[in-house]
Peer 1: 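Have a look at the structure that comes next, please.
Index from 1, following the sequence.
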Amino acid sequence: MISFNVPPYVGTELDYVREAVTVNRKICGDGSFTKRCDGWIEERFGAQKALLTTSGTTALEMAAILCDIKPGDEIILPSFTFSTTATAFVLVGAKLVFVDIRPDTMNIDEAKIEAAITDRTRVIVPVHYAGVACEMDTIMDIARRHSLLVVEDAAQGVMSTYKGHALGTIGDFGCYSFHETKNYSMGEGGALVINHEKYNERAEIVREKGTNRQRFLRGQVDKYTWEEYGSSYLPSDMNAAYLWAQLEVADKINEDRLSTWDAYHEAFLPLAKRGLVDLPTVPAECAHNAHMFYLKCRDLEERTKLISFLGRRGISAVFHYVPLHSSPAGLRYGRFAGEDTFTTSESDRLVRLPLYYGLAESDRDAVINAVREFYGRK
Ligand SMILES: *Cc1c(COP(=O)(O)O)cnc(C)c1O
């Protein structure tokens with residue numbers, strides 16, 4: 001059986017978790033491992049501030065709160081994304097305005113954003129699908145001209161860059177996920193990247209149950225009080241210890257994933273040349289992190305056949321996402337701006353192949369051969 005995903009495990013995780021429990025004796029949030037992870041993100045990615053969160057979802061929720069959205073304000077996002085890109089903003093009363101994607105990267109089509117802007121628009125939420133960057137120069141230019149904020153959903157984009165800039169550090173906020181299906185993991189977890197200093201203090205308050213506990217801990221105030229709305233967005237230091245083990249060897253994990261991705265890409269180029277499948281496109285200005293390898297079949301029917309063909313050979317391949325604008329909640333909270341030219345039709349064709357840290361070459365080759373066999377019969 002070849003799994004679609006196996007959570008990353010590099011071997012030092014349990015030593016660090018044990019250290020948190022028996023040496024540091026601090027397992028609540030913001031212990032030494034959390035601080036190390038925050039600092040690593042800031043240094044490695046040139047981020048003004050990074051704060052670990054309990055998930056990518058709660059990083060998005062914090063960003064939505066910090067954007068100060070009022071009920072009825074609109075946000076622009078792709079429909080082809082995970083549900084919580086949307087729910088984080090629904091939580092603060094935003095209306096969702098879905099914009100079509102580009103077929104080459106499956107990212108929001110930057111050329112269709114401006115037509116979706118109204119006088120209620122406040123935020124653009126580009127999602128860097130598969131760790132390949134959206135066209136950020138264009139998106140930041142639109143945001144600047146219309147005074148909009150940009151929250152990057154970089155859940156899949158940790159270690160990817162756009163024109164040399166780390167994803168998550170380009171907009172006003174960036175949101176990472178460290179879920180077990182992502183490149184670096186702590187089980188459930190994430191991080192909020194804050195790219196302007198002016199949000200730092202409020203972010204700390206929102207993350208610490210609405211209190212100024214962080215200022216208290218730094219000795220800046222002599223008692224801590226409830227300042228405003230907040231929740232508990234900080235993860236346990238045990239989880240941060242698990243993540244730290246992986247950040248220490250982030251390049252090794254990245255290279256391992258990229259080698260699998262490159263092997264898939266090379267193996268399937270002949271199928272693409274024969275017009276049997278479409279392969280992911282990585283624009284020249286983007287360096288990606290091999291978060292995902294997908295193929296696009298001719299249509300939904302062929303995809304269903306391919307997935308069951310692989311399943312019969314013990315290979316787990318999956319598809320996603322059902323476009324949000326056609327889901328019950330998407331219909332309730334949002335609308336699609338313009339035409340759905342690619343969102344539905346391209347998502348129907350997409351299939352993801354097994355890709356995780358440590359995927360054996362023999363398993364990778366078994367996947368390659370099975371896909372070739374499927375198309376060999378055509
Ligand atoms: C994984 C993911 C999320 C949510 O992250 P969690 O850590 O699972 O909450 C949000 N957006 C995208 C695009 C994702 O892939």
Side-chain angles (χ1 to χ4, degrees), residues 53 55-102 106-129 133-136 138-157 167-168 170-177 190 192-196 199 202-203 206 229 231 233 321 323-340 343:
T53 58
S55 64
T57 298
T58 52
L60 286 158
E61 289 180 11
M62 280 189 68
I65 291 166
L66 293 166
C67 285
D68 239 339
I69 288 167
K70 304 280 181 290
D73 286 350
E74 295 179 353
I75 68 141
I76 289 174
L77 74 168
S79 171
F80 182 71
T81 183
F82 189 61
S83 58
T84 60
T85 314
T87 57
F89 291 88
V90 169
L91 187 72
V92 291
K95 278 213 169 115
L96 311 172
V97 177
F98 298 109
V99 166
D100 206 13
I101 53 168
R102 300 163 36 151
M106 305 296 283
N107 283 333
I108 191 166
D109 188 340
E110 66 280 358
K112 294 180 180 169
I113 290 175
E114 211 148 9
I117 294 174
T118 71
D119 54 7
R120 299 303 307 262
T121 309
R122 296 288 173 267
V123 184
I124 304 172
V125 189
V127 178
H128 303 299
Y129 182 70
C134 297
E135 209 334 86
M136 289 308 290
T138 307
I139 291 171
M140 294 310 291
D141 178 59
I142 294 169
R144 229 170 273 123
R145 285 190 284 106
H146 295 270
S147 305
L148 306 177
L149 294 171
V150 173
V151 174
E152 298 177 68
D153 182 339
Q156 303 177 7
L167 301 192
I170 303 165
D172 297 278
F173 299 98
C175 304
Y176 295 151
S177 169
L192 176 69
V193 173
I194 302 166
N195 296 320
H196 305 289
Y199 296 110
R202 192 163 166 235
V206 167
Y229 174 79
S231 187
Y233 290 121
Y321 301 102
L324 298 184
H325 75 280
S326 55
S327 65
L331 291 167
R332 197 168 333 129
Y333 297 118
R335 63 183 163 81
F336 200 95
E339 291 290 307
D340 169 9
T343 299

Peer 1: Hey, could you give me the CE/CG distance between Met62 and Leu60, rounded to the nearest 0.5 Å?
Peer 2: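 Taking CE in Met62 and CG in Leu60, the distance rounds to 11.0 Å.
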Peer 1: Taking Glu152 for its side chain and Leu167 for its backbone only, find out whether a donor-acceptor pair lies under 3.5 Å.
Peer 2: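 Pair absent, no side-chain N/O of Glu152 close to backbone of Leu167.
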Peer 1: What is the distance from atom OH of Tyr333 to atom CD1 of Ile75, rounded to the nearest 0.5 Å?
Peer 2: 13.5 Å
Peer 1: Can we say Glu135 and Arg102 salt-bridge, meaning some charged N sits less than 4.0 Å from an Asp/Glu carboxylate O?
Peer 2: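 No, no charged N to carboxylate O under 4.0 Å.
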Peer 1: Do the side chains of Asp68 and Arg202 get nearer than 4.5 Å, heavy atoms only?
Peer 2: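 A side-chain contact exists here, since the closest heavy-atom pair is under 4.5 Å.
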Peer 1: Sub-3.5 Å donor-acceptor pair from the side chain of Ser79 to the main-chain atoms of Leu324, do we have one?
Peer 2: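 Checked: pair present.
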Peer 1: What closest approach, in Å, do Leu66 and Tyr199 show between heavy atoms, and which atom pair accounts for it?
Peer 2: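 Closest approach of Leu66 to Tyr199, heavy atoms only: O-CE2, 3.8 Å.
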Peer 1: Can any side-chain N or O of His128 pair as donor or acceptor with the backbone N or O of Cys134 at less than 3.5 Å?
Peer 2: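 Yes; at least one donor-acceptor contact below 3.5 Å.
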Peer 1: Checking the side chain of Asn107 only, and the main-chain atoms of Ala133 only, is there a donor and an acceptor separated by less than 3.5 Å?
Peer 2: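 Looks like yes, one N/O pair under 3.5 Å.
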Peer 1: I want to check something: taking the side chain as every heavy atom from C-beta on, are Met136 and Val150 in contact at a cut-off of under 4.5 Å?
Peer 2: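 Yes, close enough: below the 4.5 Å cut-off.
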Peer 1: Could you tell me whether the side chain of Asp73 and the main chain of Ala94 form a donor-acceptor pair under 3.5 Å?
Peer 2: no
Peer 1: For Val123 and Leu149, what are the C-alpha separation, side-chain angles and deciding distance, and is it a side-chain contact (heavy atoms from CB on, under 4.5 Å)?
Peer 2: CA-CA 5 Å; Val123 184; Leu149 294 171; 4.3 Å; yes
Peer 1: Considering non-hydrogen atoms only, spot the tightest contact between Leu77 and Ile108 and give its length.
Peer 2: C-CD1, 3.9 Å
Peer 1: Rounded to the nearest 0.5 Å, how far apart are CG of Asp100 and CD1 of Ile113?
Peer 2: 11.5 Å
Peer 1: Let me confirm one number: the CG-CZ distance from Asp153 to Phe82, rounded to the nearest 0.5 Å.
Peer 2: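 Nearest 0.5 Å value for the CG-CZ distance: 10.0 Å.
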Peer 1: How far apart are the closest heavy atoms of Gly56 and Cys175, and which atoms are they?
Peer 2: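 So the minimum-distance heavy-atom pair works out to O-CB, 4.5 Å.
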Peer 1: So that I know where these two stand, are Phe80 and Tyr321 an aromatic pair - ring centroids less than 6.0 Å apart?
Peer 2: yes
Peer 1: Test side-chain contact (heavy atoms from CB on, under 4.5 Å) on Val97 and Thr118; report intermediate values, then the result.
Peer 2: CA-CA 10 Å; Val97 177; Thr118 71; over 6 Å; no
Peer 1: Of all the heavy-atom pairs spanning Phe98 and Pro78, show the shortest one and how long it is.
Peer 2: CD2-O, 3.7 Å
Peer 1: Which pair of non-hydrogen atoms, one from Asp109 and one from Val99, has the smallest distance, and what is that distance?
Peer 2: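 Closest heavy-atom pair between Asp109 and Val99: O-CG1, 4.0 Å.
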Peer 1: Ignoring hydrogens and angles, tell me if any N or O in the side chain of Ser231 forms a donor-acceptor pair with the backbone of Tyr233 under 3.5 Å.
Peer 2: no
Peer 1: Determine the minimum heavy-atom distance between Met140 and Ile170, stating which atoms define it.
Peer 2: CE-O, 3.4 Å
Peer 1: Measuring from atom CG of Leu192 to atom OG1 of Thr53, what distance do you get when rounded to the nearest 0.5 angstrom?
Peer 2: 7.0 Å
Peer 1: If you measure from NE2 on His146 to CD on Glu114, what distance do you get to the nearest 0.5 Å?
Peer 2: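 Those atoms lie 3.5 Å apart.
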Peer 1: Under the side-chain contact (heavy atoms from CB on, under 4.5 Å) rule, what do Ile194 and Phe173 come out as? Steps first, then yes or no, please.
Peer 2: CA-CA 5 Å; Ile194 302 166; Phe173 299 98; 4.1 Å; yes
